[in-house]
Protein chains: 2
Amino acid sequence: MNFSRTTEYALRIMSFMAMNEQKLYSANEIYANLKIPFRYLRKLLTTLSKSGLLISVQGKSGGYRISKDLSEISLLDIIQQTGDNKFKNECFFGFHDCAFVKKCAMHDKWAAVRENINQVLTTTTLEEIKETGPHSFISNNNSVFTKND
Amino acid sequence: MNFSRTTEYALRIMSFMAMNEQKLYSANEIYANLKIPFRYLRKLLTTLSKSGLLISVQGKSGGYRISKDLSEISLLDIIQQTGDNKFKNECFFGFHDCAFVKKCAMHDKWAAVRENINQVLTTTTLEEIKETGPHSFISNNNSVFTKND
DNA sequence: CATAAATGATACCTTTGGGTATTATTTAGA
DNA sequence: TCTAAATAATACCCAAAGGTATCATTTATG
């Protein structure tokens, strides 16, 4: 009952980059701030670029930049790009046809919970995240990972 | 952003058994109704027994029975026995010390969401699940698994 | 135009969750 | 007291997620 690690990483990255939305960030710079395992970070950044949330610039002095206006990127938009969006309409007990055949015992109660979650995730945009600061996006769990690149 | 498959299984099992709370169910009978992969089901049932949610009776004509009054078993109680309880106090971005060092941008909003979830999971007991019926706990995804025992 | 510094692609390794197989133990009842 | 039918324990297997390594490509700049 969490987001996957990968989704958390994506949320951190996008939120961090939102602090300076025009800026072109290199993977190195993001790594320096967020301490996400470097090679995995690189992979994730290309994923986010392919998904359209980021624009990548190749070559020396290249990097990544947020592609749209901050107000147009909701947390759900980010979450959905990392495959962690299953919860959207899912039955509490994990039955695939819950809504269609018979309601399960938790159907209505859980629908309300999901609605609450969805409401927060769709209405909270990076713009709001930016404005909510100052705050720490810095992972200070002394990373066991090395950069190695 | 779901419960794990194992947690879903546990929720199905306990909810199913709550339909007849005094009854001693054999693994076979539960399998016949829920179609959870048989050997995994067996394993899970011993886990639930060790956790105290179920009482197991060994030997021929043995089986499992819910150990307490239905009103004393909340959904959270079940969820916590399958290791899926991380969400309880967890930061939106997955930072371990979010609450202690600096609040993250989502801290308050997400705390409210978690509170909502916790409220539902702690106040909904198996008694309520039982009363909410009739409903289907029957997995009709034509199982690809065989029983094999 | 060579080099350095960046991203892209791809293949591989590791850990964990889900699932299986085998053997041991318990106990009701013929 | 033997057998059948149940649970207990344990070890193993497989797939997916997380993470690493290597090489290729792009491009600013000396």
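Naming convention: chains lettered A, B, ... in sequence-line order (proteins, then strands); numbering from 1 in each chain. In what follows, every heavy atom counts, from backbone to side chain, and hydrogens, waters and symmetry copies are set aside. Please read all numbers here as calculations on a predicted model, not as lab measurements.
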Which ILVMFWY residues are connected to A:Ile55, directly or by a chain of links, through side-chain heavy atoms under 4.5 Å apart? none
Side-chain heavy atoms under 4.5 angstrom apart, residues restricted to Ile, Leu, Val, Met, Phe, Trp, Tyr: same cluster for A:Tyr64 and A:Val57? no
Shortest side-chain distance from A:Tyr40, nucleotide among C:dG18, D:dA8, D:dG18: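 So the side chain of A:Tyr40 is nearest to D:dG18.
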Of the listed nucleotides (D:dA6, D:dT20, C:dG18), which one gets closest to any side-chain atom of B:Ser26?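 The nucleotide sitting nearest to the side chain is D:dA6.
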Between [N] ([atom2]) and [X] ([atom1]): distance, integer Å:
X	N	atom1	atom2	answer
B:Gln58	D:dA8	CD	C1'	6 Å
B:Ile55	D:dA8	CD1	C1'	17 Å
B:Glu29	D:dT7	CD	P	10 Å
A:Phe38	D:dA21	CZ	P	13 Å
B:Leu41	C:dA21	CG	P	15 Å
B:Leu45	C:dG18	CG	P	16 Å

Ignoring hydrogens and angles, are the base of D:dA8 and the side chain of B:Arg42 linked by a donor-acceptor pair under 3.5 Å?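 Answer is yes: a donor-acceptor pair is held.
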Hey, does the side-chain of A:Lys43 have a donor or acceptor N/O within less than 3.5 Å of a partner on the base of C:dG8?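 Donor-acceptor pair under 3.5 Å: no.
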Among residues at least two apart in sequence or on other chains, which ones pass ring-ring contact (aromatic ring centres under 6.0 Å, His included) with A:Phe92? A:Trp110, B:Phe3
Just to be sure I understand the geometry, which residues of residues 61-69 of chain B put a non-hydrogen atom under 4.0 Å away from DNA chain C? B:Ser61
Can you sort out the partners of A:Thr124 under side-chain hydrogen bond (donor to acceptor under 3.5 Å, both in side chains), two or more places apart, ordered by chain and number? B:Lys109
Residues two or more places apart in sequence or in another chain: which of them pass side-chain hydrogen bond (donor to acceptor under 3.5 Å, both in side chains) with B:Thr6?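 B:Thr6 satisfies side-chain hydrogen bond (donor to acceptor under 3.5 Å, both in side chains) with B:Tyr40 only.
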Check the phosphate of [N] against [X], side-chain N and O only, distance under 4.0 Å to OP1 or OP2. Yes or no?
X	N	answer
B:Tyr9	C:dG18	no
B:Ser49	D:dT7	no
B:Arg39	C:dG18	no

Kindly state each residue pair satisfying salt bridge (Lys or Arg N to Asp or Glu O under 4.0 Å) with at least one member in residues 68-80 of chain B, sequence neighbours excluded. none
Any donor and acceptor pair, going by atom type alone, linking the side chain of A:Thr82 with main-chain N or O of A:Ile79 inside 3.5 Å?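 Confirmed, A:Thr82 side chain pairs with A:Ile79 backbone.
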Between A:Lys60 and A:Thr7, who's closer to the 5' end of DNA chain D by nearest nucleotide?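 This one resolves to A:Thr7.
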